[in-house]
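Predicted model only: the values in this text are computed from it and were never measured. Chain A is the first sequence line, chain B the second, and so forth, proteins listed ahead of strands; every chain is numbered from 1.
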Amino acid sequence: MRRLNPKQAEAVKNIGNPLLVLAGAGSGKTSVITEKIAYLIRDCEYDPASIYAVTFTNKAAREMRERIAKMLGEELTTGLTVSTFHTLGLKIIHSELKNLPYQRGFTIYDSEDSISLVKEVLRIEKVSPDFADQFRWQISNWKNAMVSHDQALEMAENDLQAQAARIYKAYDDYLKVYNAVDFDDLIVVPVSLFKQKTEVLERWQNKTRYLLVDEYQDTNACQYTLVKQLVGIRGAFTVVGDDDQSIYAWRGAQPENLRLLVSDFPSLQVVKLEQNYRSLGRILKVANHIIANNEHIFDKKLWSDKGYGDPLKVVACDDPDHEAQKVVTEMLHKKFIEQASYNDFAVLFRGNHQVRTFEKAMRAHRIPYKVSGSFSFFSLAEIKDLMCYMRLVVNPDDDAAFLRVINTPRREIGAKTVELLRDFANRNRSSLHSAIIDHDVSEALPARSALRIKEFAQWLKDISMRSTKERGDIILKDIIRDVGYESYLTDSCKDIVSARKRMENIKDLIEWVENIEGENGEKTLEHQIAHLSLLDLLEKNEDEEANDKVQLITLHSSKGLEFPHVYMVGMEEDLLPHKSSMDEDGVEEERRLAYVGITRAQKTLTMTFSKRRRVGAEIVERTPSRFLLEMPQDELEWEGYNENKDPEKVRERGKAHLANLKNILG
DNA sequence: ACGCCGCGTATTTTT
DNA sequence: TACGCGGCGT
């Protein structure tokens, strides 16, 4: 507690009111949350099991839990909940299963599964699958905004919207048939349960003596409702957030939840954390300056007692290759001068496609680099296959899983057979598996196919039965053996090396399954698979510390990170701010994105842009980002750009180019 | 069942 | 330029 500054200490000790902590970038918000939890348990003698701390990512939850465990020791933290919103939702659903229309072993559909389900609905409704992504997006929006099927239908203003509403309902009906929930449902289902059953809500309210929410500006309407429900009128909670770092409105986050807090809880107190422990003064000055162009609910100004630092560099380049070249040479120079290591550097960009150019340049100079966020363990084909097998064993009605594995490894069940089976199941309004088990499938299929299908269904039924008693990792090993997955790998992989690699991945998966434990130490597959679906097995060998690498990362995923030396690249109009977010609200979010980027830097910040860039097929002249021109020019050092930097002029030039382009294209 | 070709399209990402 | 997807041919 002694390490906290007065504001932080105030935020920790204030437990009598609903509390909003406005935590600027680098102001030590994680310390506040962890110290507060420790304070509640150690000094106020709260039962750890009555404290709930909610984050958005597994990583944040993990780090928080570790820090608290270090502070208090294992005994004092048993029962404490530090989890993501979704894991908390899952926990509620699990323990209230008897009040819900789901069976044990229900499946959690990830975004890919959701898309395929939407496609399936479209197929049945005879709508072109081209719009599956848009329908999926719309459904997700409706769920996050808590719009019911009926409301969606009522609100529809044209045929397309009405159609979307019907697909929304059909989609949810199918989820029920498959005994499955999607990611959004993990929040939606508890919220609607709490709405319907007051006694259940009260039970949870009594359990929840204190609630803490991290990254509050990223909550959507549904998540905020869950928060309100859990804290009830007692309002024993702390939310921590920063409206200036709200960069996820495009996926449903509602930064206005900050404002709503004031009206929903009149006794709300606000503590601002404005002292920044990360960056040198000049960087903060530029950051403050640029974000001041946005509308604000609460004013906030970061300050630091560290030194002032060098002017920020702005480098104009000819094209992206030149840009990458510039960054690389500048970086190597700096590394030498400052005796820095590679992991002191990060390159931040707006869109993933920008990364290629930089990868190329890094490789050419033999600079070790890491592209973060690009690798997902769950996207590996072999992991997906086995995940689907496990899902299917636990929940045979999971058609998405069924379809994935029915012919993997090959069982001579081809597309035609599957097609017939799907139609048959549709006619019976049942899942694929129950169509085979509960109905006479041989009337719809040729004898040979029917036999194959029945064999598979029978195997599935048997192993399903065993899975309720047996440990999950044993079931998984049995699956691998029964279906002959290993020989399938060695047969289907070109070389033995990649087959081995895949087997290694599978071993890792088995290990993960072994290590997941249910509430009472249960290790049934049913519990393990549910948690596994929400886990991020992103960084497989996290503590394998051969990690001196330059980070190449998007602005979005850089949030929460910090680096001594930061390069923000592609600082051009139409890229940052991105051209598809040019309506007024959109530009504000883009500005916050720039703000997030700037505030990642501890010591130096270099910003680059290309004067020319290929967009689609055409090579387009580019102008520097308006954000560069909004910055206090005294703090910047421009290189390679002598044109007029008056914002009006630059914007005009941009428009002229655009008009020119339109002329050329006719 | 599989592979090839041509077409259309092109932010950001977590659970 | 690149990738993903649907259609078509083997």
Side-chain angles (χ1 to χ4, degrees), chain A residues 54-61 83-91 108-116 119 123 128-133 137 140 143-144 181-188 214-215 218-220 222-223 246-253 319-321 348-357 360 372-376 378-379 407-418 492 530-538 553-560 570 572 574-582 586-587 589-590 592-594 596-597 613-620:
Chain A
V54 190
T55 66
F56 274 85
T57 63
N58 285 305
K59 192 171 161 226
S83 76
T84 62
F85 263 104
H86 291 83
T87 306
L88 177 61
L90 176 65
K91 187 174 171 162
I108 299 164
Y109 271 26
D110 67 16
S111 17
E112 253 179 274
D113 298 319
S114 300
I115 290 271
S116 347
K119 281 187 183 152
R123 202 178 63 101
S128 153
D130 293 3
F131 304 106
D133 287 351
W137 181 82
S140 186
K143 288 192 176 188
N144 290 158
V181 295
D182 65 17
F183 279 138
D184 300 323
D185 286 337
L186 290 173
I187 320 293
V188 172
D214 190 19
E215 303 282 15
D218 290 340
T219 51
N220 61 37
C222 198
Q223 288 158 337
S246 159
I247 53 174
Y248 286 114
W250 55 272
R251 64 174 200 211
D319 56 65
D321 284 321
L348 272 43
F349 38 84
R350 175 67 232 258
N352 269 319
H353 61 277
Q354 289 172 267
V355 81
R356 296 185 67 89
T357 324
K360 221 171 31 180
S372 33
S374 62
F375 170 79
S376 164
F378 287 111
S379 67
N407 203 25
T408 310
R410 302 272 113 92
R411 280 186 196 90
E412 298 181 284
I413 300 171
K416 187 74 201 166
T417 305
V418 172
S492 61
H531 285 276
L532 201 53
S533 308
L534 294 184
L535 225 52
D536 61 336
L537 278 36
L538 282 172
I553 192 169
T554 62
L555 285 163
H556 280 93
S557 37
S558 75
K559 194 169 77 163
E572 294 149 32
D574 291 352
L575 196 50
L576 183 72
H578 197 274
K579 70 161 170 305
S580 39
S581 38
M582 282 299 193
V587 173
E589 180 149 318
E590 297 288 304
R592 292 192 289 268
L593 203 46
V596 165
R613 184 182 294 271
R614 215 196 52 241
V615 179
E618 222 83 18
I619 300 225
V620 185

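Per the geometry, NZ belonging to A:Lys59 stands 13 Å off C1' belonging to B:dT14, to the nearest Å. What separates CG of A:Asp133 from P of B:dG8 is a distance of 18 Å, to the nearest Å. Straight-line distance from the CG atom of A:Leu348 to the C1' atom of B:dT13: 15 Å, rounded to whole Å. Computed from coordinates, the A:Leu593 CG to B:dT11 P distance equals 14 Å when rounded to whole Å. The CD-P distance, from A:Glu112 to C:dG4, rounds to 12 Å in whole Å. The nearest whole Å value for the distance from the CD atom in A:Glu215 to the P atom in B:dT15 is 12 Å. In this entry the distance linking NE2 of A:His531 with C1' of B:dT15 reads 14 Å, nearest Å. Remark: C1' of B:dT12 and CZ of A:Arg350 are 5 Å apart, rounded to the nearest angstrom.
Minimum atom distance to the side chain of A:Thr554 is reached by B:dT12, of the listed C:dA2, B:dT12, B:dT15. Ranking B:dT12, B:dT14, C:dT1 by closeness to the A:Arg614 side chain, first place goes to C:dT1. Comparing B:dT13, B:dA1, B:dT15 by their closest approach to the side chain of A:Leu534 singles out B:dT15. Comparing C:dT1, B:dT12, B:dT14 by their closest approach to the side chain of A:Arg251 singles out B:dT14. When distances run from any side-chain atom of A:Arg356 to the nucleotides C:dA2, B:dT12, B:dT14, the shortest one goes to C:dA2.
With hydrogens and angles ignored, the 3.5 Å screen pairs a side-chain donor or acceptor of A:Ser558 with a backbone N or O of A:Leu555. Judged by distance alone, with hydrogens and angles left aside, the side-chain atoms of A:Glu589 form no donor-acceptor pair with the main-chain N or O of A:Gly586 at under 3.5 Å. Judged by distance alone, with hydrogens and angles left aside, the side-chain atoms of A:Asn407 form a donor-acceptor pair with the main-chain N or O of A:Arg411 at under 3.5 Å. Without hydrogens or angle criteria, A:Arg592 side chain to A:Ser246 main chain gives a donor-acceptor distance under 3.5 Å.
In this structure, a donor-acceptor pair under 3.5 Å is absent between the side chains of A:His86 and A:Thr84.
Residue-level contact check: A:Ser580 touches the bases, meaning some heavy atom is under 4.0 Å from a base atom. Using a 4.0 Å heavy-atom criterion, one finds that A:Asn58 contacts the sugar-phosphate atoms exclusively. Contact annotation for A:Asn220: no contact, since no heavy-atom pair falls under 4.0 Å across all strands.
One finds no side-chain N or O of A:Ser557 lying less than 4.0 angstrom from the OP1 or OP2 phosphate oxygen of B:dT14. Look at A:Asn352 and you won't find any side-chain N or O under 4.0 angstrom from OP1 or OP2 of B:dA10.
Judged by centroid separation below 5.5 Å and plane tilt below 30°, A:Tyr248 does not stack onto the base of B:dT12. The side-chain ring of A:His86 is not stacked on the base of B:dT15, judged by centre separation under 5.5 angstrom and plane angle under 30 degrees.
A residue-by-residue look at A:Thr84 and A:His353 shows that A:His353 has its nearest nucleotide of DNA chain B further toward the 5' end. Two residues, A:Ser533 and A:Gly351, neighbour DNA chain B, and the one matched to the more 5' nucleotide by heavy-atom proximity is A:Gly351.
Nucleotides B:dT12 and C:dC5 place their P atoms 16 Å apart, quoted to the nearest Å. Between B:dT13 and C:dG4, the distance separating the two P atoms is 16 Å to the nearest Å.
For B:dT15, the base has a donor-acceptor partner in the side chain of A:Ser111 [N/O atoms by modelled type, under 3.5 angstrom].
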For this session: Output, in order, the C-alpha distance, side-chain angles, deciding distance and verdict of side chain to side chain contact (heavy atoms under 4.5 Å, CB included) for A:Phe56 and A:Gln223.
Result: CA-CA 11 Å; A:Phe56 274 85; A:Gln223 288 158 337; 3.6 Å; yes

